[in-house]
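These notes concern the structure reproduced below.
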Amino acid sequence: MARTILVVEDETTLRETLAEALEAEGFQVVQAADGRAALARFRADRPDLVILDLMLPELSGIEVCRIIRAESGVPIVMLTAKDSELDKVVGLELGADDYVTKPFSLRELSARIRALFRRSEQAATSVNGPSIVDLGRVQVDLAGHRLLRDGQALPIKPKAFELLAFLLRNPGQAFTRDQLLEHVWGYDYAGETRTVDVHVHWLRSTLEDDATAPQFIHTVRGVGYVFRRPSEAPART
Ligand code: CA
């Protein structure tokens, strides 16, 4: 079955060009020209991926991203005209998975879309060890790609989940931010190491009783991050 992509862009020419190009690649495409229409289409069509322009009439791309993310873990690629670090951090905190800065090539966008689909497939099929890992406040369903609290799925960004799953599968091993970018975001991701920090910050606020004194995801000064179970932590001095 063809995957469905929702293209949200108010510039008609760009939206239609994108839709045509994606259809030519075998995707089914639904379109929306403003933020409200985007939410309506999202709820009606349940797309497999959303391409979301940042500057939109009615509701901004940031608002739309926040609302969609509260309802779903669907991969979101943001289109932005501004290539500033601030926008990236804001978008990542809201749960976008990737960015393309205008002007972009269709080839670049298409490569990113395929990478996101590939990673969500891999995450769904590769299971090592127990598929549910209990971290106390939350349970991590590795096979189902979900974070659970009291049996209820919590909203989680796909990248944050992949980062957590990667660290869980390599307990006790410290990784640099660059290594985490490579493993979780992919070799070709032109991201900033700050991206990793933003996701770790979010995971801690969800997993930890006290995010300022983490029990699971520890900072290794001068290196990066490591996952440890509380019983495996080195004794405090
Ligand atoms: Ca726009």
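As the structure lists them, so they are numbered: ligands from 1, and atoms in each ligand from 1.
With the Ca ion (ligand 1) at the apex, D53 OD2 and M55 O define an angle of roughly 80° (rounded to 10 degrees).
Taking 3.0 Å as the threshold, E11 does not count as a candidate ligand of the Ca ion (ligand 1), since none of its N, O or S atoms lies below it.
The name of the N, O or S atom in D10 nearest to the Ca ion (ligand 1) is OD1.
Looking at E11, its side chain never comes within 3.5 Å of a backbone N or O of T13 through a donor-acceptor pair.
Ring geometry, H199 versus W185: the interplanar angle exceeds 60°, so the pair is classed perpendicular (tilted spans 30 to 60°).
A salt bridge between R69 and D97 is present, with a side-chain N of the basic residue lying under 4.0 Å from a carboxylate O of the acidic one.
With contacts defined as side-chain heavy-atom distances shorter than 4.5 Å, the pair L56/E63 does not qualify.
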